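Note sheet for the following structure.
Below, all heavy atoms of this structure are taken into account, side chains as well, without hydrogens, waters or symmetry copies. Values in this document were obtained by computation on a predicted structure and should not be read as measured data.
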Amino acid sequence: MIRNLSELFETEEKSFYQRVIRAIQDIPKGKVATYGQVALVAGNPRAARQVSYILHSSTEKYALPWHRVVNSKGNISLKPKKGYELQMKLLKKEGIVFDKKNCIDLKKFGLSPNSFNIQD
DNA sequence: CTCGTGACTCCCG
DNA sequence: TCGGGAGCCACGA
């Protein structure tokens, strides 16, 4: 479990790609992280899009909890019939709650800013 | 080296 | 509130 940014940067993983993998694996069950957050933790605040690319190509290979990654609004970015329903199902199973608009309350289920933060 | 590819975000009207 | 448009970026071909 990565506790802070320093620890993350000190890992063997050198590429953004590898760090993203680590970051995602570090998302605790019952919580969700946004693409932007993952990108931030991986060291590139602007590479949110890249995170999706990585997920798409390595989800199975690294057994990533991909369903815990949602967009900044707390929505599932996948399109219906393309994983959307599956993701929602998996999240609900972990206790995540969706509101009327199928949004997740990030205040409640999103990673707190300190989860990956330096000030434990 | 250049180009295509996104499960993203931010900003504006 | 909601939708469109532009910015952004690593990785593979």
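For Leu40(A) and dC8(C), the CG to C1' distance is 15 Å, given to the nearest whole Å. Note: NZ (Lys81(A)) to C1' (dA7(B)) measures 18 Å, nearest angstrom. Atom C1' of nucleotide dG4(B) and atom OH of Tyr53(A) are separated by 10 Å, given to the nearest angstrom. Between the CG atom of Leu55(A) and the P atom of dG6(B) there is a distance of 14 Å, given to the nearest Å. The separation between Ile76(A) atom CD1 and dC8(B) atom C1' is 15 Å, rounded to whole Å. In this structure, the CG atom of Asn102(A) is 19 Å from the P atom of dA7(B), given to the nearest Å. Going from atom CZ of Arg46(A) over to atom P of dA6(C) covers 18 Å, rounded to whole Å. What separates NE2 of His56(A) from C1' of dC11(C) is a distance of 14 Å, to the nearest Å.
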Atom pairs and distances, side-chain donor-acceptor, residues 75-92 of chain A, under 3.5 Å, sequence neighbours left out:
from	atom 1	to	atom 2	distance (Å)
Ser77(A)	OG	Asn71(A)	ND2	3.2
Gln87(A)	NE2	His67(A)	O	2.8
Gln87(A)	NE2	Val69(A)	O	3.1

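You'll find that the side chain of Lys101(A) is closest to dC2(C), out of dC2(C), dC11(C), dA7(B). Among dA7(B), dG12(C), dC9(C), the nucleotide with an atom closest to any side-chain atom of Gln50(A) is dC9(C). Here the nucleotide nearest the side chain of Trp66(A), chosen from dC9(C), dA7(B), dG12(C), is dA7(B). Picking from dC11(C), dT9(B), dC9(C) the nucleotide with the shortest atom distance to the side chain of Ala48(A) gives dT9(B).
A donor N or O paired with an acceptor N or O is not found under 3.5 Å between the base of dC9(C) and the side-chain atoms of Arg49(A). Looking at Tyr35(A), its side chain comes within 3.5 Å of the base of dA7(B) through a donor and an acceptor atom.
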Protein-nucleotides 10-12 of chain B N/O pairs under 3.5 Å:
none

Residue pair Asp105(A), Asp99(A): steps toward the side-chain contact (heavy atoms from CB on, under 4.5 Å) verdict: CA-CA 8 Å; Asp105(A) 182 354; Asp99(A) 65 17; over 6 Å; no
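Residues Ala42(A) and Phe16(A) come closest through the heavy atom pair CB-CE1, 3.5 Å. Between Ala33(A) and Leu111(A), the shortest heavy-atom distance links the atoms CB-CD1, 3.6 Å.
No side-chain heavy atom of Ile54(A) sits under 4.5 Å from any side-chain heavy atom of Val51(A).
For dC8(B), neither phosphate oxygen OP1 nor OP2 lies less than 4.0 angstrom from any side-chain nitrogen or oxygen of Ser52(A). Between Asn71(A) and the phosphate of dA7(B), there is no side-chain N or O to OP1/OP2 separation shorter than 4.0 Å.
For the atom pair OH of Tyr35(A) and OH of Tyr53(A), the computed distance is 15.5 Å after rounding to the nearest 0.5 Å.
Rounded to whole Å, the separation between the P atoms of dC8(C) and dC12(B) comes to 14 Å.
Here Ser57(A) lies out of heavy-atom contact (under 4.0 Å) with every strand.
Residues that satisfy the side-chain hydrogen bond (donor to acceptor under 3.5 Å, both in side chains) test with Arg68(A), not counting sequence neighbours, are Glu94(A).
Side-chain atoms of Arg19(A) come within 3.5 Å of backbone N or O of Lys14(A) as a donor-acceptor pair.
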